[in-house]
There are 2 protein chains.
Amino acid sequence: MPFPVGDSENDGKELFEWLIHPYTSHKFFKDIWESRPLLVLRHCPRYADGLFSTKEMNRILNECNVRYSVNLDVTTYQNGRRETHNIDGRAYAPVVWDYFKNGCSIRLKNPQAFSKPVWRLCATLQEFFKCMVGANTYLTPPGTQGFAPHYDDIEAFVLQLEGKKEWTLYSPRSGKETLPRYSSGNFTADEIGDEIFTQTLEAGNLLYFPRGYIHQAKALPDTHSLHVTISMYQRNSWGDLLEKLLPTTLQNAIIDDVEFRKGLPLDYLSLFGEQNCDKHPDRRRAFMGKISDLFRRLADKVDIDAAADEHGINFLHDAMPPYMTQDEKSRSIHGCDVGMTSPGTPTHYICDIDEKTRIRVLRKNALRIVASQNDTNDNSVVQVFHCVQNPRVYHQEEKKTFEILRQFAPALEFLIHKYPCYVTVGSLPLDSNEDKVNLAISLFEKGILVTEEKIKML
Amino acid sequence: MPFPVGDSENDGKELFEWLIHPYTSHKFFKDIWESRPLLVLRHCPRYADGLFSTKEMNRILNECNVRYSVNLDVTTYQNGRRETHNIDGRAYAPVVWDYFKNGCSIRLKNPQAFSKPVWRLCATLQEFFKCMVGANTYLTPPGTQGFAPHYDDIEAFVLQLEGKKEWTLYSPRSGKETLPRYSSGNFTADEIGDEIFTQTLEAGNLLYFPRGYIHQAKALPDTHSLHVTISMYQRNSWGDLLEKLLPTTLQNAIIDDVEFRKGLPLDYLSLFGEQNCDKHPDRRRAFMGKISDLFRRLADKVDIDAAADEHGINFLHDAMPPYMTQDEKSRSIHGCDVGMTSPGTPTHYICDIDEKTRIRVLRKNALRIVASQNDTNDNSVVQVFHCVQNPRVYHQEEKKTFEILRQFAPALEFLIHKYPCYVTVGSLPLDSNEDKVNLAISLFEKGILVTEEKIKML
């Protein structure tokens with residue numbers, strides 16, 4: 001598994017190409033993405049070693065506060081009947097393994113919160129996909145199935161980690177269920193439509209299928225199955241963008257373009273509506289022509305930058321915090337561990353950033369500068385949203401944000417656009433050296449920056 | 001003033017042509033409406049006699065519960081300063097006339113609630129305009145001005161009733177203030193822009209100006225002034241229709257058209273937003289092309305019938321109840337006054353409607369049939385909204401509505417579309433005579449129908 005920390009976007013791409021190997025991302029996005037399933041049989045059982053295992057799941061259950069329903073589901077699917085066996089409170093290892101031995105499947109719902117390799121995988125892929133990348137791990141006893149046939153609302157990459165599982169995929173049942181926005185309920189055998197293929201996944205193999213593809217999977221009698229499903233592109237479609245875009249676009253159009261403020265024709269209420277829909281086809285057509293014209297004018301008023309910022313801010317709220325190596329940590333505030341030289345005497349932290357210090361932002365897509373979102377609409381500051389201080393549990397905390405003076409914004413933009421290069425503090429586009437150093441220190445202390453060389457600790 | 005009760009829409013048109021005489025409505029809507037002011041000097045001081053007078057205002061103050069702020073404003077505009085002198089509670093005649101004698105203007109805000117001729121005017125015009133028609137009367141002492149220069153959000157028809165008033169009109173100050181959606185605040189002399197004309201209105205004269213035209217008016221020193229302003233087309237523009245239309249249109253498009261459900265390009269968050277708006281112009285342009293394409297597709301998904309029904313239901317809530325003549329009342333439930341033949345013995349009401357009775361709906365635009373708005377979405381019934389039982393005060397009561405069985409809807413539609421003709425109950429498109437008669441009686445008793453001949457009262 002490739003995990004350099006060079007250019008985070010490129011690191012994400014390389015990791016994605018590891019996931020779909022031997023496909024390239026170019027070929028994948030051209031031929032496969034959102035249009036058809038892909039099966040990669042790699043004949044390399046140890047391909048994903050180190051990512052996640054039943055041993056790791058056992059460690060997590062023993063060490064972490066894993067809670068039923070919140071973090072873990074216990075499920076069965078027998079005789080066409082899907083059941084959840086969750087109880088309340090913490091999922092203690094002995095109880096969970098007892099369920100498992102009795103034929104129950106175990107789904108760990110956000111392994112990235114407990115497992116560093118899965119965290120690293122999600123956080124790295126999200127730099128490439130620029131949307132939330134989620135994960136679930138599924139452990140299934142031999143000869144059982146844990147879930148009913150259904151389809152999901154995400155792009156799914158199923159990576160087999162241990163044992164074997166037999167997957168059956170079915171085509172989306174209709175145009176309306178192609179790339180659906182919401183997951184389905186559980187289907188019965190006569191609802192699932194046309195089978196595409198049945199295939200056994202072994203460790204190291206990958207199965208990709210777009211949202212809307214009905215699927216079911218069962219562990220073969222001879223062995224258990226463990227896989228991780230990596231997911232993304234939930235509610236990340238053109239329609240979702242338009243939902244953000246349209247209300248402000250219409251308000252802008254009404255303000256800017258008098259055509260939207262002209263009165264409706266006197267007769268329009270008698271042309272349209274349930275009681276009139278079969279009358280006056282010509283007048284109706286003319287009216288619809290005008291509506292089409294207004295839609296074209298509307299398209300000219302789109303403020304896509306504002307919608308993208310809104311979308312981007314939500315992504316940063318969804319996002320995993322960056323996974324950092326020890327080396328990276330040591331070149332940022334994250335690794336400036338303060339000890340005690342003697343009881344009551346903290347070690348001395350020296351932020352020795354000056355004009356010659358070479359810095360860069362921590363990740364390409366970990367922050368976003370937008371106009372102030374304050375009620376007062378204070379134009380002298382801009383707001384910075386970021387995911388650097390996010391918890392590893394989705395939306396457990398509020399959005400991470402701080403303000404900087406508007407005159408400092410070009411310097412932060414410069415840093416973002418220079419990424420992955422390190423630049424000297426002195427090269428920041430600000431008037432005084434004092435401003436440059438102060439901004440750099442302030443961003444460094446918020447965890448946004450890494451330096452090329454280690455920061456001093458006395 | 002022409003007030004026949006033939007075809008209500010045509011009656012409204014004739015009344016409007018009386019208002020703008022010698023203009024025809026065709027010429028008015030072609031050359032004037034929403035585009036320029038119009039001055040009609042009729043040299044016929046008694047042209048609008050009987051509509052409203054200071055004598056009628058005195059009667060209303062003496063007899064009706066007119067309340068400050070709700071129904072009446074007392075205002076002055078002196079030395080560039082606009083003041084409101086309203087106190088709390090009922091506006092008693094002696095107090096109001098005292099204000100007036102001391103130089104205050106008196107605005108009666110909804111004279112149609114107190115004056116039958118103004119009610120009749122508004123109710124008749126609304127059948128032509130198919131939107132709320134409002135009224136205000138303004139009484140101004142000699143040599144005074146009651147309001148600061150401002151513009152309104154309605155089409156204004158100023159009909160001078162008594163005395164004289166000198167009006168000055170100014171062009172909208174910018175494209176953005178042309179046909180504005182909201183009224184302005186009060187302007188100072190140096191904010192009002194270019195004067196179009198100053199003209200004295202005398203009784204019988206009319207001044208029309210579109211929303212957005214700044215205006216001010218003062219009574220000349222030699223006489224008081226009384227005028228009525230008839231208004232309509234408040235928030236009745238294409239933009240208002242689109243506000244109703246867009247949310248459901250987008251949801252329909254997302255459900256019907258997979259293009260809206262396809263994922264956004266991976267790089268879109270780095271192409272757009274405040275921090276990126278000067279980068280990658282070519283990619284931005286291509287992306288915007290896709291957005292334009294989606295807007296075109298969106299236009300195909302417009303459910304204008306649903307939006308028109310929503311708009312139509314709101315209109316019926318805003319609308320004045322129909323003004324009915326004694327003759328009309330006597331041919332409807334409205335005029336079936338029940339007396340007592342002796343104490344404790346109500347007169348006998350016989351609804352002698354049978355297949356041969358000739359009926360029609362009360363007004364062309366007084367009701368609207370729509371799909372059931374119930375939570376249960378009961379498809380076996382349709383909902384009928386109407387203004388027949390509205391109070392004469394705007395939105396004082398909830399929307400007037402009732403349900404009928406869906407199989408009766410074609411019969412009610414038939415009646416609506418046959419208007420202004422009377423048709424026999426037997427001609428209703430229903431299977432049984434019993435259904436025809438029962439529907440007719442039920443609508444008659446709700447006040448929706450008039451018969452051609454009087455209904456019996458014993």
ask   = Within a strict 4.5 Å, meaning less than it, do heavy atoms of the A:Ile304 and B:Ile291 side chains meet?
value = yes
request  = Looking only at non-hydrogen atoms, find the nearest pair between B:Val382 and A:Glu274 and report the distance.
outcome  = CG1-OE2, 4.2 Å
Heavy-atom pairs under 4.5 Å with chain A, option from B:Glu413, B:Lys262, B:Lys130 with the top count = B:Lys262
ask   = Taking C-beta and beyond as the side chain, do A:Leu242 and B:Ile254 meet within less than 4.5 Å on heavy atoms?
value = no
inquiry  = Let's test your reading of the structure: which of B:Val258, B:Ile416, B:Thr178 forms the most heavy-atom pairs below 4.5 Å with chain A?
reply    = B:Thr178
ask   = After noting the C-alpha distance and the side-chain angles of A:Leu266 and B:Glu9, does the key distance pass the side chain to side chain contact (heavy atoms under 4.5 Å, CB included) rule?
value = CA-CA 11 Å; A:Leu266 254 59; B:Glu9 231 174 74; over 6 Å; no
note = The interface call for B:Leu245 against chain A, heavy-atom contacts under 4.5 Å, is side chain
query = Using 4.0 Å as the upper bound for N to carboxylate O, is an ion pair formed by B:Arg261 and A:Asp153?
reply = no
query = What part of B:Pro247 lies closer than 4.5 angstrom to a heavy atom of chain A: side chain, backbone, both or neither?
reply = neither
request  = Go through B:Leu179, B:Leu298, B:Leu241, B:Asp309 and name the one with the most non-hydrogen pairs under 4.5 angstrom from chain A.
outcome  = B:Leu179
request  = Could you tell me whether A:Lys290 sits above the aromatic face of B:Trp238, with NZ or CZ closer than 6.0 angstrom to the six-membered ring centre and within 45 degrees of the axis?
outcome  = yes
request  = Give the member of B:Glu34, B:Gln275, B:Lys364 that has the highest number of heavy-atom pairs under 4.5 Å with chain A.
outcome  = B:Gln275
task = Check whether any side-chain heavy atom of B:Phe295 lies under 4.5 Å from a side-chain heavy atom of A:Leu246, and answer yes or no.
result = yes
key: Segment of A:Pro180 engaging chain B (4.5 angstrom heavy-atom cut-off)   = backbone
ask   = Is there a side-chain contact between B:Phe260 and A:Asp240 (heavy atoms, below 4.5 Å)?
value = no
inquiry  = Apply salt bridge (Lys or Arg N to Asp or Glu O under 4.0 Å) to residues A:Lys176 and B:Asp257 and explain how you reach the verdict.
reply    = CA-CA 8 Å; A:Lys176 283 197 198 304; B:Asp257 185 347; over 6 Å; no
task = Please examine the side chains of A:Arg181 and B:Ile255, heavy atoms only from C-beta on, and report whether any two atoms are closer than 4.5 Å.
result = no
ask   = What residue, out of B:Arg296, B:Lys279, B:Met288, B:Glu310, has the most heavy-atom pairs lying under 4.5 Å from chain A?
value = B:Lys279
Heavy-atom pair of closest approach, residues A:Gly273 and B:Ala308 = N-CB, 4.0 Å
task = Go through B:Glu155, B:Glu243, B:Glu177 and name the one with the most non-hydrogen pairs under 4.5 angstrom from chain A.
result = B:Glu243
key: Under 4.5 Å from a heavy atom of chain A, the part of B:Tyr233 involved   = side chain
request  = Please flag which part of B:Phe315 lies under 4.5 Å from any non-hydrogen atom of chain A: side chain, backbone, both or neither.
outcome  = side chain
ask   = Side chain, backbone, both or neither: which part of A:Leu367 has a non-hydrogen atom closer than 4.5 Å to chain B?
value = backbone
request  = Dump the intermediate steps for ring-ring contact (aromatic ring centres under 6.0 Å, His included) on A:His311 and B:Phe272, then the final yes or no.
outcome  = CA-CA 10 Å; A:His311 205 153; B:Phe272 294 96; over 10 Å; no
task = Please look at A:Arg235 and chain B and tell me whether the side chain, the backbone, both or neither of the residue comes under 4.5 angstrom of a heavy atom of that chain.
result = neither
